[in-house]
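Inspection log for the structure reproduced underneath, given as structure tokens.
Because the structure is a prediction, the values reported are computed rather than measured.
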Amino acid sequence: MATEGSIEQTFVQLEDGIRRLTLPLPTGPKHVHCYLAGGTLFDTGLGLADAPWSAVEAERIAITHFHPDHVGGAEAAARATGATVFQGGLDYAQCERVWGSDDWPERIASWFVRHGAPAAVAEDLIAQGHAFAPFIRYAVEPELLYEGSEVDGWQVLELPGHADGHLGFLRDGVLIAGDHLLQRISPAVGLYPESRPDPLGDYLASLERTIELAPRIVHPGHGEPILDAGVRARELIEHHRRRLDETAEALGDEPRSAYEISLDVFGTHLEPTQRRFAVAETLSHLERLVREGRAARGGDDQRVFYTGP
């Protein structure tokens, strides 16, 4: 265990010469894993001022996806180590649209209002968005990666779903998976503004691909290593099959917003942040149902509603 500043960091030696660095998070799962394999650092946590990058020797930094707890510390890590940052092409474009803009909290709040969220939920989202922004410092103009690229012998896989441009890195049966595959929780798969139209369809296809690839071990962004990726991927596919059925059962002849439907699917007692995830998840399932012919979408630029087919 090494300590720097006010934060304790735990370095764990894993098999295959990989070291795991666990960083704290103020919310959610309360931690995020970064991995150091040879000279490559995978992910960087949030951009906290006392992160231990001066103690890390890295020549390359590879980002799995643009969510704050994975890309937020990239600028500081690159500056401290002198490493080149690699990031997916689509993922970096979303980084620019989201974290590189001043009005993302307002844009996403308007999106949620369009899908039925009360004004109070939107106001909380705006406030939290602006408060969180200082901790997200991605690296500008990274080297861009695509399906088939390689980083220090790691094969780059595009695994969209949890994030549109989510990447995995595969070498010798080892998959650095970010949030594509987690052992104890289901990775969030939500529909958001300016994103791919069917994230759940993307995710289900990525899970099927993981089954086919059959990695020997998966190192996730949160939690412990996954030793049977195929079993876990099938569990997640089944989880979403059940969630699709639950969402379909909440539909009827009367138009309902995604917010209203989320109350049926996820319950009525959620904190504002959890409710936003619930609405985004509900939307991803509704849009999959629309594509399967099990739901219909209607509305206009002001409001969007869903009904049974």
Distance-only criterion, 3.5 Å: show the donor-acceptor pairs between side-chain atoms of residues 186-194 and protein atoms not counting sequence neighbours.
| unit_1 | atom_1 | unit_2 | atom_2 | d |
| --- | --- | --- | --- | --- |
| E194 | OE1 | R107 | NH2 | 3.0 |
| E194 | OE2 | R107 | NE | 3.2 |
| E194 | OE2 | R107 | NH2 | 2.9 |

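- Among W154, F86, F42, the single residue meeting the ring pair (Phe, Tyr, Trp, His ring centres under 6.0 Å) criterion with F169 is F42.
- For E212, there are no side chain to side chain contact (heavy atoms under 4.5 Å, CB included) partners at least two apart in sequence or on another chain.
- Electrostatic pairing of R275 and E271 does not count as a salt bridge here, judged by no charged N lying under 4.0 Å from a carboxylate O.
- Between G293 and P309 the shortest heavy-atom distance is O-CB, 3.4 Å.
- Residue pairs meeting the side chain to side chain donor-acceptor pair (under 3.5 Å) criterion with at least one partner in residues 81-90, sequence neighbours excluded, are Q87-D91.
- With contacts defined as side-chain heavy-atom distances shorter than 4.5 Å, the pair V151/R60 qualifies.
- At a threshold of 4.5 Å between non-hydrogen side-chain atoms, the residues H115 and Y259 do not count as touching.
- Two residues are said to be in side-chain contact when any heavy atoms from C-beta on lie closer than 4.5 Å; I226 and V231 fail this criterion.
- Between the side chains of S257 and R303, no donor-acceptor pair is found at a separation under 3.5 Å.
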Item to complete: Take L175 and H219, measure what side-chain contact (heavy atoms from CB on, under 4.5 Å) needs, and give me the verdict at the end.
Response: CA-CA 6 Å; L175 178 63; H219 293 302; over 6 Å; no
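- Taking 4.0 Å as the cut-off between side-chain N and carboxylate O, E224 and R184 do not count as a salt-bridged pair.
- Sorted by first then second residue, the ring-ring contact (aromatic ring centres under 6.0 Å, His included) pairs that include residues 260-291, not counting sequence neighbours, are H240-H285.
- By the 4.0 Å N-to-carboxylate-O rule, E246 lies too far from R241 to be salt-bridged with it.
- The distance from atom CG of L270 to atom OG of S262, rounded to the nearest 0.5 Å, is 7.5 Å.
- Atom OG1 of residue T307 and atom CD of residue E254 lie 9.5 Å apart, to the nearest 0.5 angstrom.
- For the pair R291 and E287, the salt-bridge criterion is met [side-chain N within less than 4.0 Å of a carboxylate O].
- Remark: S149 engages L145, Y146, V156 in a side chain to side chain contact (heavy atoms under 4.5 Å, CB included) (not counting sequence neighbours).
- Checking each of T210, L207, L182 against L236 for a side-chain contact (heavy atoms from CB on, under 4.5 Å) leaves exactly one that passes, namely L207.
- When atom types are taken as modelled, the side chain of S206 and the backbone of P160 share a donor-acceptor pair closer than 3.5 angstrom.
- Between H33 and H222, the distance separating the two ring centers is not shorter than 6.0 angstrom.
- Side-chain contact check for Y138 and E96: at least one donor-acceptor pair (N or O, by modelled atom type) lies under 3.5 Å.
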Discussion item. I'd like to know whether L157 forms a side-chain contact (heavy atoms from CB on, under 4.5 Å) with L167, so could you lay out the CA-CA distance, the side-chain angles of the two residues, the decisive distance to 0.1 Å, and finally the verdict.
Written reply: CA-CA 5 Å; L157 308 175; L167 299 182; over 6 Å; no
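- For R196 against P199, the heavy-atom pair with the smallest separation is O-CD, 3.6 Å.
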Item to complete: Carefully, step by step, assess L286 and L251 under the rule side-chain contact (heavy atoms from CB on, under 4.5 Å).
Response: CA-CA 10 Å; L286 286 166; L251 296 170; 3.9 Å; yes
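- Contact between V218 and A177 at its shortest, heavy atoms only, is CG1-CB, 3.4 Å.
- Between D164 and S195 the shortest side-chain heavy-atom distance falls below 4.5 Å.
- Residues T44 and W53 are in side-chain contact: their nearest non-hydrogen atoms beyond the backbone lie under 4.5 Å apart.
- Counting heavy atoms from C-beta outward, C34 and L41 have side chains that approach closer than 4.5 Å.
- Looking at F66 and L90, their side chains never come closer than 4.5 Å, going by heavy atoms from C-beta outward.
- Here R242 does not pair with E235 in a salt bridge; the nearest charged N to carboxylate O distance is not below 4.0 Å.
- Rounded to the nearest 0.5 angstrom, I63 CD1 and H65 NE2 are separated by 10.0 Å.
- The pair D245-R294 meets the salt-bridge criterion, since a charged nitrogen lies less than 4.0 angstrom from a carboxylate oxygen.
- Y203 has its ring centre less than 6.0 Å from the ring centre of H180.
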Practice prompt. Could you go through the salt bridge (Lys or Arg N to Asp or Glu O under 4.0 Å) check for E238 and R232 one step at a time?
Written response: CA-CA 10 Å; E238 176 62 17; R232 183 56 182 151; over 6 Å; no
Would you list the atom pairs, donor with acceptor, under 3.5 Å between side chains in residues 125-135 and any protein atom, with sequence neighbours excluded?
| unit_1 | atom_1 | unit_2 | atom_2 | d |
| --- | --- | --- | --- | --- |
| Q128 | OE1 | T273 | OG1 | 3.3 |
| Q128 | OE1 | R276 | NH2 | 3.2 |
| Q128 | NE2 | D124 | OD2 | 3.3 |
| Q128 | NE2 | T273 | OG1 | 3.4 |
| H130 | NE2 | E106 | OE1 | 3.4 |
| H130 | NE2 | E106 | OE2 | 2.8 |

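- A 4.5 Å side-chain heavy-atom check between I18 and L36 finds every atom pair outside the cut-off.
- Salt bridge absent: D172 and R216 never bring a charged side-chain N and a carboxylate O closer than 4.0 Å.
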